[in-house]
Amino acid sequence: MTDPILRIAGVSKTYKSGTTALHSVDLDIDRGEIFALLGPNGAGKTTLISIVCGIVTPSTGTISVDGHDALTDYKAARSRIGLVPQELSTDQFETVLATVTFSRRLFGRSGHSAYIEELLRDLSLWDKRDTKIMGLSGGMKRRVLIAKALSHEPDILFLDEPTAGVDVALRRDMWKLVHKLRARGVTIILTTHYIEEAQEMADRVGVITGGKLLLVDRKDALMKKLGKREVDLKLAEPMAAVPDALSRWNLTIADDGRRLRYVFDAEAEETGIPALLTALSGAGIAFTDLETRKSSLEDIFVDLVREKK
Amino acid sequence: MNLHGILAIYRFEMARFGRTIWTSLLTPVITTSLYFVVFGSAIGSRMGDLGSVPYGAFIVPGLMLLAIFSESIFNASLGIYMPKFTGTIYELLSAPLSPLETVLGYVGAAATKSMLIGIVIFATAHLFVDLPLAHPVLAFLYLLLVAVTFCLFGFVLGILANGFEQLQVIPLLVVTPLTFLGGAFYSIAILPEPWRTITLFNPVAYLINGFRWTFFGVSDVGVVASVSVTAVFLLLCLAAITTIFRTGWRLKS
């Protein structure tokens, strides 16, 4: 096992207003992984990211970036990090090329034109390089922010709600870029409201709410552990209540008695479906259609947050 | 030392200046010319020489400093206030830059602009009056010291300000009155008591007289006192900036 590229230990934050945004968060991020931080608005996601990047000062705890303390050895730590913020904060009067070159230099690197050209081409910004940012659409501004964050070739990229308010084309380009970066060995930490994307992209998922990191697990393990499956039977005749003969199954009636829903553990050895179907025909209940469904990460997430409240 | 980072900020700020270069340079030229028309020709012709110095020449150092004060405060405060206002400060705070490097970039650029404007006013003044310059090197160094000091002051104001109008308050309500009352257009020596003594408590009077000494070799106050007052103000601004960066006050939550 190699050392984690990012180690967050006991980090908490209480703002001057008295609001505690983070309660002693511990988190290790592995080299080269894609980590998704999920949580409702105000959960503390942005505060956590801002602390790692040096924008917010933590009240307690330590952060180590590739072995460099983020507070005492901040130059070494910060030069390894790129941040794409949630807000579209840009210098309106600068051109695309100028602002990306500025970012690269700000992070201590010389203006490396070949790398910047490749980066701008990857983000479909090369044709717009001499356009002032004020003349760009919201989606293009988002691309500029991504280019700025990657301009100094960071080892870790933070994407704070990267796809909020972004069109399909950009979202597709962005995930393509994420794959490319990952192949290059860049570690990516993202927060997103589009949970299906985290489900598709992330290796591991952390669920945060109320400033507490509830759980961190591999995405597939999380799906297995907490995932539910459903069988939906479309009944030939509507039903008022679940008959006693079927009481040993976890059944509910939906759609005004027209559907019978069976929810079971996705990982259970016995699904109980064959026995249920036999019992149904024994009880003379006919059905016209059958659907099965796996719960998504979103369902798991909603359940988890509700449970912990 | 993150030299690339310092230069990136410096270039960024100078580019901002470059976008408005004509208004930036034309404004002080016009303002200075107006002062010369009013004080130099209209009123100045009725004034006697102050000591050995003709009145038209006498007001030049004060005019230069008047512009340097306001331009330094304005440019340096806007330089750091704009990223706060637009939100782009996130990048500055997350960059591998020490407080010293950040200050060097912003204050360096603001001081460069101030010096350029000072030199333009100096050149403009030559169109109106014969202007001796007793100690050119010292004049340049003293102007640089004052420009850097007021840029540092402006930088502090820019960090502390919560709105654009707050950027204007200190220059308009404190610095400009102190400059007018500090002998920019007259010699302290011609004031009756108690105004003469009261003026000696105005720090700006020392700055103006120090600079005037580099032109004419004469001054209402000692040169050492002038340099000392400037240096103290410089150190106060540096202390304020150090405190701000150490505590993150008004910069980081």
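Below, each value reflects all heavy atoms present in this structure, side chains not excepted, and no hydrogens, waters or symmetry copies. Letters go in sequence order (proteins before strands), and every chain restarts at 1.
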Q: Does any heavy atom of chain A fall under 4.5 Å from the side chain of B/M1, the backbone, both, or neither of them?
A: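 The backbone, not the side chain.
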Q: Is it the backbone or the side chain of A/R109 that comes under 4.5 Å from a heavy atom of chain B, or both, or neither?
A: backbone
Q: Using ring centroids (six-membered ring only for Trp), state whether B/F153 and B/F69 fall under 6.0 Å.
A: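 Centroid separation for B/F69 and B/F153: 6.0 Å or greater.
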Q: For the atom pair CG (B/L152) and CD1 (B/I241), what is the distance rounded to the nearest 0.5 Å?
A: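 Separation between the atoms: 4.5 Å.
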Q: Which bit of A/Y15 comes within less than 4.5 Å of chain B, counting heavy atoms only: side chain, backbone, both or neither?
A: side chain
Q: With a 4.5 Å cut-off on heavy-atom pairs, point out which of B/P83, B/G105, B/S98, B/G87 contacts chain A the most.
A: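 Heavy-atom pairs under 4.5 Å are most numerous for B/S98.
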Q: Is chain B contacted by the side chain of A/S79, its backbone, both, or neither, given a heavy-atom distance below 4.5 Å?
A: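 Both parts, backbone and side chain.
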Q: Please classify the contact of A/S50 with chain B as side chain, backbone, both or neither, using a heavy-atom distance under 4.5 Å.
A: neither
Q: Salt bridge (charged side-chain N to carboxylate O under 4.0 Å, His left out), that's the test. Do A/K45 and A/E161 meet it? Break it down for me.
A: CA-CA 10 Å; A/K45 303 185 295 284; A/E161 302 278 356; 3.8 Å; yes
Q: In terms of heavy-atom proximity below 4.5 Å to chain A, should B/R16 be classed as side chain, backbone, both, or neither?
A: neither
Q: How many angstroms lie between atom CG of A/L181 and atom CD1 of A/I34, to the nearest 0.5 angstrom?
A: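 A/L181 atom CG to A/I34 atom CD1 measures 9.0 Å (nearest 0.5 Å).
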Q: Would you call B/R19 and A/E94 a salt bridge, taking side-chain N to carboxylate O under 4.0 Å as the test?
A: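 Here B/R19 pairs with A/E94 in a salt bridge, since their nearest N and O are under 4.0 Å apart.
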Q: Return yes if some donor-acceptor pair links the side-chain N/O of A/D130 with the main-chain N/O of A/L97 below 3.5 Å, else return no.
A: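 No; judged by distance alone, with no hydrogens or angles, the pair does not exist.
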Q: Out of A/A76, A/A149, A/S103, return the one with the most heavy atom pairs under 4.5 angstrom to chain B.
A: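 Answer, by heavy-atom pair count under 4.5 Å with chain B: A/S103.
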